[in-house]
J.: 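Have a look at the structure that comes next, please.
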Number of protein chains: 2
Amino acid sequence: MSLKHYRHLQEHFHSLIRNKVLEAGSKLPSEREIGEQFKLTRVTVRQALQSLEMEGMVYRQNRRGWFVSPPAVVYDPAAHLSFNIFVTEQGYTPHTEKLQQTLVAADSEVATKMNLAVGTPVLFLHRRRYIDNRPVLIEKMYINTTLLPGIEEEDLTQSLSQLLARKYQMSYRDMDLSFKATSLPEEATSALGITAGQSGLNIERINYTQDKQVLEIDYEYWRHDAVTIQIAIRD
Amino acid sequence: MSLKHYRHLQEHFHSLIRNKVLEAGSKLPSEREIGEQFKLTRVTVRQALQSLEMEGMVYRQNRRGWFVSPPAVVYDPAAHLSFNIFVTEQGYTPHTEKLQQTLVAADSEVATKMNLAVGTPVLFLHRRRYIDNRPVLIEKMYINTTLLPGIEEEDLTQSLSQLLARKYQMSYRDMDLSFKATSLPEEATSALGITAGQSGLNIERINYTQDKQVLEIDYEYWRHDAVTIQIAIRD
DNA sequence: CAGTGGTCTAGACCACCCC
DNA sequence: GGGTGGTCTAGACCACTGC
């Protein structure tokens, strides 16, 4: 009863991390070492580590080891700040990588949401974003090129909101947001270097122009420990 | 490589559930039965079930078994609809249970957020809420009784927003919201009949009156598979 | 009391990372 | 090639649920 060795181990690392004996980003001892030290099998050690992972205290890189999670960044979608800006403001270093960019024909889901005919060309953009060199999210966007002619020739690793303002005199306003805590799909875990099926946060966002046309649809998959959502509702 | 038995098993149940061979709420065979059927050990079976759990496809009741998750309810905090109303609108049956109600002295966190002196009495309310008889969330609220005299004598299993409107001619307006995908604390898992440390959704909400005073602070812990957050931002 | 999931042992082999 | 985590076997005992 006072057993539950994995709880004990969990509490052990919890306090080491809380007291900064183990600093953010540092590597934990290997599963086998921990097991030896505490006279536990790897199964039990892994159960403790997985509990800590669900708490957001540690994370793993596939086959590289376990690491202490940095603090989560605060993301306020309603603030209309770019990723670069809000990450920088919180004292971290953002970085964006373009994985793919192609013109695709809108499928029925995208076409319906954008109020376009199925098959209309839209710009598909796939990006990976980092905080302090740790990949924290991937996003897949469908951009309504009809409203933004020539956007595909720009540097699309930059902030889209800044690009919109500079080149098109547009800005984000209304949006529909949806959040779901669920496991990440394979495409996301492999792009983020996470073990398959880890839990994460799925955000879906539809951005509208001032006159209610759909500018862009965004699907984001975040590591769950990397972000806290914060929104101020002001009617 | 084409091994990964637990992935195979996961896909097996995934398709059974998708095709409604296993209906929402129904019980899966026991871990030992599944293992026998697929010639796998319980460890592997459990790994598959835990993956399905993270996906939100199944859930477990402590030592009772594994069950197919019902569809998630959509929760729009900005719509100012009561739990009872939005759950009913989506075709489910809500139910609320009061676990505790006491007048407490505001601690420093609550006092600061409510802009009251530490030690001011506030109403603490602890409730458990159900959808179709399944406990899906617990909430702990601190209510600013200074603004709502006599509220402690009301039936507090009912909708607070309706109570506010009827008795005090007030309604929810501005609010600060915070969401975090994390594991549930012990108090939440035990109250929800979940295994310790399961992942969930943590919502923190501060409700303001029309004139910017803090009406109530709410801490909600949801089963992660029970809810999708949806918010429309309209500037 | 029988059956369930929760915890744990003591191994094994493999895929992949880094040196 | 040595070390890491990822997957898996074949058992065991315990705590709790439901009859």
Side-chain angles (χ1 to χ4, degrees), chain A residues 1-13 26-54 58-68 133-135 183-184 186 189-199, chain B residues 1-13 26-54 58-69 134-135 183-184 186 189-199:
Chain A
M1 180 65 77
S2 102
L3 296 190
K4 284 204 185 173
H5 298 141
Y6 82 95
R7 286 281 165 219
H8 176 244
L9 197 52
Q10 185 182 353
E11 179 46 42
H12 172 76
F13 282 108
S26 62
K27 191 174 178 305
L28 269 55
S30 79
E31 296 174 356
R32 289 172 177 85
E33 280 179 67
I34 297 172
E36 217 164 302
Q37 188 188 337
F38 289 86
K39 308 281 179 225
L40 295 171
T41 55
R42 259 184 83 205
V43 176
T44 307
V45 172
R46 282 173 67 80
Q47 194 178 357
L49 290 170
Q50 278 163 24
S51 298
L52 285 161
E53 184 181 39
M54 285 197 287
V58 306
Y59 70 100
R60 46 182 144 172
Q61 291 177 35
N62 215 340
R63 277 173 234 276
R64 297 216 324 111
W66 294 84
F67 301 83
V68 178
N133 289 319
R134 173 191 183 213
S183 63
L184 298 174
E186 199 284 330
T189 53
S190 60
L192 293 174
I194 309 181
T195 309
Q198 286 312 304
S199 91
Chain B
M1 180 66 73
S2 103
L3 295 189
K4 285 205 184 171
H5 299 141
Y6 83 94
R7 286 281 164 217
H8 176 243
L9 196 53
Q10 185 182 353
E11 179 45 43
H12 172 77
F13 282 108
S26 62
K27 191 175 177 306
L28 270 56
S30 77
E31 296 175 357
R32 289 172 177 84
E33 278 179 67
I34 296 171
E36 219 164 301
Q37 189 188 338
F38 290 85
K39 309 281 181 226
L40 295 171
T41 55
R42 260 184 82 204
V43 175
T44 307
V45 172
R46 280 173 69 80
Q47 194 179 357
L49 290 170
Q50 279 164 23
S51 298
L52 286 160
E53 184 181 39
M54 285 198 287
V58 306
Y59 69 99
R60 46 182 145 172
Q61 290 176 37
N62 215 339
R63 278 172 232 276
R64 296 216 324 113
W66 295 84
F67 301 83
V68 178
S69 295
R134 173 191 183 215
S183 63
L184 298 174
E186 199 286 329
T189 54
S190 61
L192 294 173
I194 309 181
T195 309
Q198 286 311 303
S199 89

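Lettering of chains follows the sequences in order, A, B, ..., and the numbering in each one begins at 1.
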J.: Testing the basics here: between F13(B) and I34(B), what is the closest heavy-atom pair and its distance to 0.1 Å?
T.: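 Between these two residues, the closest heavy atoms are CZ-CD1, 3.7 Å.
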J.: Taking atom C1' of dT9(C) as reference, at what distance in whole Å does atom CZ of F38(A) sit?
T.: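 So the two atoms are 18 Å apart, to the nearest Å.
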J.: Can you name the closest pair of heavy atoms from G197(B) and S183(B) and give their distance?
T.: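 So the two residues come closest at O-CB, 3.4 Å.
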J.: Can you measure R7(A) atom CZ to dG6(C) atom C1' for me and round it to whole angstrom units?
T.: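 It works out to 11 Å between those atoms.
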J.: Please identify each residue that fulfils side chain to side chain contact (heavy atoms under 4.5 Å, CB included) with S190(B), with sequence neighbours left out.
T.: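 E186(B).
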J.: Just to verify, what does R42(B) make a side chain to side chain donor-acceptor pair (under 3.5 Å) with, not counting sequence neighbours?
T.: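 R42(B): side chain to side chain donor-acceptor pair (under 3.5 Å) contacts with E31(B).
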J.: From K27(B) NZ over to R64(B) CZ, what is the distance, rounded to the nearest 0.5 angstrom?
T.: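 K27(B) NZ to R64(B) CZ: 8.0 Å, rounded to 0.5 Å.
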J.: Within 45 degrees of the ring normal and closer than 6.0 Å to the centroid, is that where the cationic atom of R134(B) sits relative to Y59(B)?
T.: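 Output yes; distance and angle both within limits.
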J.: Check whether more than 12 heavy atoms from other residues, nucleotides or ligands sit under 6.0 Å from atom CD of E36(B), and answer yes or no.
T.: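 Result for CD/E36(B): open.
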J.: Whether T195(B) contacts dG5(C) is assessed here as follows: a side-chain N or O lying under 4.0 Å from the phosphate OP1 or OP2. Is that the case?
T.: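 Answer no for this pair, as no side-chain N or O of T195(B) is under 4.0 Å from OP1 or OP2.
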J.: Which heavy atom in L184(A) sits nearest to a heavy atom in T189(A), and how many Å separate them?
T.: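 It is CB-CG2, 3.6 Å.
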J.: To the nearest 10°, let me know how far the axis at one end of the helix from dC1(C)-dG18(D) to dC18(C)-dG1(D) is tilted from the axis at the other, five pairs an end.
T.: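 Taking the rotation axis at each end, their angle is 10°.
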J.: Please step through side-chain contact (heavy atoms from CB on, under 4.5 Å) for the pair R7(A) and E11(A), ending with a clear verdict.
T.: CA-CA 6 Å; R7(A) 286 281 165 219; E11(A) 179 46 42; over 6 Å; no
J.: Near DNA chain C, counting only heavy atoms under 4.0 Å, which residues of residues 27-37 of chain B show up?
T.: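 S30(B), E31(B), R32(B), E33(B) - these, ordered by number, are the residues of the stretch whose heavy atoms sit under 4.0 Å from the strand.
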J.: Roughly, in whole Å, what's the span from CD1 in I194(B) to P in dG5(C)?
T.: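 About 17 Å, once rounded to whole Å.
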J.: Any chance you could measure E53(B), atom CD, to F67(B), atom CZ, to the nearest 0.5 Å?
T.: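 If we round to the nearest 0.5 Å, E53(B):CD and F67(B):CZ are 12.5 Å apart.
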J.: Rounded to the nearest angstrom, tell me the gap between atom CH2 in W66(B) and atom C1' in dG6(C).
T.: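 Answer to the nearest Å: 11 Å.
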J.: Report, one pair per line, the protein and nucleotides 17-19 of chain C atoms (nitrogen or oxygen only) whose separation is under 3.5 Å.
T.:
from: dC18(C); atom 1: OP1; to: R64(A); atom 2: NH1; distance (Å): 3.1

J.: With a 4.0 Å cutoff (strictly under), does any side-chain N or O of Y6(B) reach OP1 or OP2 of dC8(D)?
T.: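 No.
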J.: Once rounded to the nearest 0.5 Å, what's the spacing between atom NE2 of H12(A) and atom CG of L52(A)?
T.: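 Result: 10.5 Å between the selected atoms.
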J.: Do you know the tightest heavy-atom contact between V58(B) and L49(B)?
T.: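 Shortest heavy-atom contact: CG2-O, 3.8 Å.
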J.: Please list, in numerical order, the residues of residues 40-48 of chain B that have a heavy atom closer than 4.0 Å to any atom of DNA chain D.
T.: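 Per residue number, the list reads L40(B), T41(B), R42(B), V43(B), T44(B), Q47(B).
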J.: Just how far, in rounded Å, is C1' of dG6(C) from CD of Q61(B)?
T.: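 From Q61(B) CD to dG6(C) C1': 16 Å.
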J.: Return the minimal non-hydrogen interatomic distance between S51(B) and Y6(B), and the atom names on each side.
T.: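 Heavy atoms only, the tightest pair is OG-CE1, 3.6 Å.
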J.: Taking CZ from R60(A) and P from dC16(C), how many angstroms apart are they, rounded to a whole number?
T.: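 Checked: the CZ to P distance equals 16 Å.
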